[in-house]
Protein chains: 2
Amino acid sequence: MSSQSSSNGVATKLAAVSSIAETEYKTTTKDQCRQNIPTKKQLVDPYRQGSLVDGGVGYRQTVVIRSYEVGPDKTATLESILNLLQETALNHVWMSGLLGDGFGATHAMMKNDLIWVVTRLQVQVDSYPIWGEVLVVDTWVGASGKNGMRRDWLIRSHKTGHVFARATSTWVMMNQKTRRLSKMPEEVRGEISPWFVTKQAIPQDVCWKIKKLDDTAKYASTNLKPKRSDLDMNHHVNNVKYVRWMLETIPDQYLESHQLSSIILEYRKECGSADVVQSLCEPEEDEVPQGNDRNVLGKFSLPSDILGSHGLLGSFDMGPLRYTHLLLIKGEVVNEEIVRGRTTWKRKNTIPFSI
Amino acid sequence: MSSQSSSNGVATKLAAVSSIAETEYKTTTKDQCRQNIPTKKQLVDPYRQGSLVDGGVGYRQTVVIRSYEVGPDKTATLESILNLLQETALNHVWMSGLLGDGFGATHAMMKNDLIWVVTRLQVQVDSYPIWGEVLVVDTWVGASGKNGMRRDWLIRSHKTGHVFARATSTWVMMNQKTRRLSKMPEEVRGEISPWFVTKQAIPQDVCWKIKKLDDTAKYASTNLKPKRSDLDMNHHVNNVKYVRWMLETIPDQYLESHQLSSIILEYRKECGSADVVQSLCEPEEDEVPQGNDRNVLGKFSLPSDILGSHGLLGSFDMGPLRYTHLLLIKGEVVNEEIVRGRTTWKRKNTIPFSI
């Protein structure tokens, strides 16, 4: 999940894809026999182990956590989880058969030069799946205000149904030529609203306002340069790299004893391959996390013995349980924000794999 | 795939795993219901879409190239391919049911304090699979000399059987306590030799001697430090990171117009999280690649129209078609080699996805 620049100061997503997809159809005879993405609506995809569910509007995929998707503690990395969100969302869109020759754009969106742009992503990880664990990922879309779309995900254990993670994202439409946000045309609404469901992976609680950091932030990494391997197929810096840049400012010692329990990303502007990025990070030392943390965790409640013995309710000797983040491009005159972030943490459980 | 240090100057693999795996079995009641890696021999794994084939000794897995596994050109990255090699090898070992409580060690190996260490990996990519393509990955093992083991892989199109990539690796046994290489005990041979097959993914042609680079190398990246996210579950720098470090020394312009067609890695020593690494790289400007290139490609022959029109046979105006690489740890007295590498390249085809 990457983003593209806009004159509106809103991050855009999938913008460069239409042109890529167009070339894809100019294939040679030799290429006709290559398997790629299914373009017609289908109910079951045996190769991806995916299917349309919930009366045909939601998408469910079974996935196994692979050996290279886990970190030193043998649990899936946050990056792997973000990758799975992207993958299942794209598979849902392809399976739906709604697509023109774009990436996530419907036929009517294509006709109106409209593309989807993501403005916000929130992920709550209740516990991290372990190497070899079989997961069921559900994803679906819903309305977000009058002109937006929400995409949610629920990641559960295939065996027990135990929820590992929940996620929600917000998308708006942008005119690809004017680079301005657009209302959702009725024609487009007619296409996509049949897919909308009202259930939410994360209840809309108090929306965190992420404050903008400045040079006084406690931690900063400067001179971050995207490498070729950081670019995704839209030629943008990948979302996963954003999160790496954000988290790498936090001291190693903290990362060894804590695990991320939630992250919110507010996208402002894309980061291209030539940009030089600064990552700022500010711990929230002076906040008592108890009540708010339960809010952030949403529907999921940790058992009280875990809350008690492992100190989610926290005290200062464990370090802060929240950080605010900002990635920006240092300009000669003005700095440009790429993405604001907010992360919530809990102390790692010392029993291997128990939460 | 990572490696661990040895007094023998041979890289070791999977060394730290035994102790990790031991803790894994001390799980709580709560963990009993979590799905993990299958530990008993099984012929089919529906979740991983894997099965034992070739009379029950080989392993075959169907995989789809995911959206986040491709680069800007929408083809799978070399890193994704290396990840798939690791994943299918481990799945093969688990499926075989041979394991003690170690990672890749058999019961008899465990009893003798022996672990596997990888000394060499060679990958030939004939063409790169594209986003959404369904692959069949085969992997199997064979004898390598009197005391070693070979593991090979073949990656093909599920639809056409077209070969995308071939790979082979060499493994030896090491005593975990003395850190010395070991002969293969008869007891171990009795366990694993029934799995050995003689077929080879890459024919044993002239074995390239990779020369050792020094400070006179044309390209160098210094002060490379592993980050937390570069460590795998063995707490070592991952193989994929090695390859990134190697390739990042090559100028961007070259990488944009060329694609890697083969890589050989000779492991010497593991790289830990505290090491500071230097990556050296030397193009082979003065070599005519024609005859040797065909050797490296082994059984696979490119059609002559591709050889002709896209210049595999090369000339100097396209840049070199081979590079030698070295990753080393700069010591105060002596430098320590981590891995030597040799890469072969061809010009990118300008027709999307055609080879």
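Note on naming: letters A, B, ... go to the chains in the order of the sequence lines (proteins, then strands), and numbering restarts at 1 for each one. Atom set for the values below is all heavy atoms of this structure, side chains included, hydrogens, waters and symmetry mates excluded.
Nearest approach of B/Trp131 to A/Leu90, heavy atoms of both residues: CZ2-CD1, 4.0 Å. Here the closest heavy-atom approach between residue A/Gln49 and residue B/Tyr47 is recorded as NE2-O, 2.8 Å. A/Gln86 and B/Ser67 make their closest contact through NE2-OG, 3.0 Å (heavy atoms, listed as atom of the first residue, atom of the second, distance).
With a 4.5 angstrom heavy-atom cutoff, A/Leu255 touches chain B via backbone and side-chain atoms both. Contacts between B/Glu256 and chain A at a heavy-atom distance below 4.5 Å involve backbone atoms as well as side-chain atoms. Residue B/Thr62 touches chain A through its side chain alone, counting heavy-atom pairs closer than 4.5 Å. With a 4.5 Å cut-off on non-hydrogen atoms, B/Arg244 touches chain A through its side chain but not through its backbone. For B/Asp230, the part lying near chain A is the side chain, with the backbone staying farther off; criterion is any non-hydrogen pair under 4.5 Å.
Judged purely by atom type and a 3.5 angstrom limit, B/Arg66 has no side-chain atom pairing as donor or acceptor with the backbone of A/Leu84.
Here salt bridge (charged side-chain N to carboxylate O under 4.0 Å, His left out) pairs that include residues 80-92 of chain A, with residues two or more places apart or in two chains, number zero.
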